[in-house]
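Just so you know, these numbers use all the heavy atoms, side chains as well, and skip hydrogens, waters and symmetry mates.
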Amino acid sequence: MHRLPRVSPHQALQFKEWIIPPGVPVSMSAYLQHTNPEIYPRPYEFIPERWLENVTPAMTKNYVPFAKGSRNCLGMK
């Protein structure tokens, strides 16, 4: 797994109390997102039925097995 860096080339970004200057890369790790117990209870267990009921907006937003945005897998909609 590698991080998926993003850069805002011209404007500063604000995340909570932090200001991220232009040109500074920010990245995420799909592994860390997929194993966050606040979003996916019991993240290290194989529970495919978690996607059949009670799918939260946080689950959908943080599910990034094939990336998101401009680098999204072509097979994803």
Taking all non-hydrogen atoms of both residues, which atom of [X] and which atom of [Y] are closest, and how far apart?
| X | Y | value |
| --- | --- | --- |
| Arg42 | Arg50 | O-NH2, 3.3 Å |
| Asn62 | Gln33 | OD1-NE2, 2.9 Å |
| Tyr63 | Tyr40 | N-OH, 3.2 Å |

- Task: Kindly work out whether a path of hydrophobic side-chain contacts (I/L/V/M/F/W/Y, heavy atoms less than 4.5 Å apart) joins Ile47 to Val55.
- Result: no
- Item | Verdict with supporting geometry, Val7 and Val26, side chain to side chain contact (heavy atoms under 4.5 Å, CB included) | CA-CA 6 Å; Val7 177; Val26 177; over 6 Å; no
Rounded to the nearest 0.5 Å, what separates atom [atom1] in [X] from atom [atom2] in [Y]?
| X | Y | atom1 | atom2 | value |
| --- | --- | --- | --- | --- |
| Trp51 | Thr60 | CH2 | OG1 | 5.5 Å |
| Leu32 | Ser27 | CG | OG | 10.0 Å |
| Lys61 | Thr56 | NZ | OG1 | 11.0 Å |

Distance-only donor-acceptor pairs under 3.5 Å for side chains of residues 13-23, two or more places apart:
| residue | atom | partner | partner atom | Å |
| --- | --- | --- | --- | --- |
| Gln14 | NE2 | Lys16 | O | 3.1 |

- Answer yes or no: does atom CD of Glu53 have more than 12 heavy-atom neighbours from other residues, nucleotides or ligands under 6.0 Å? no
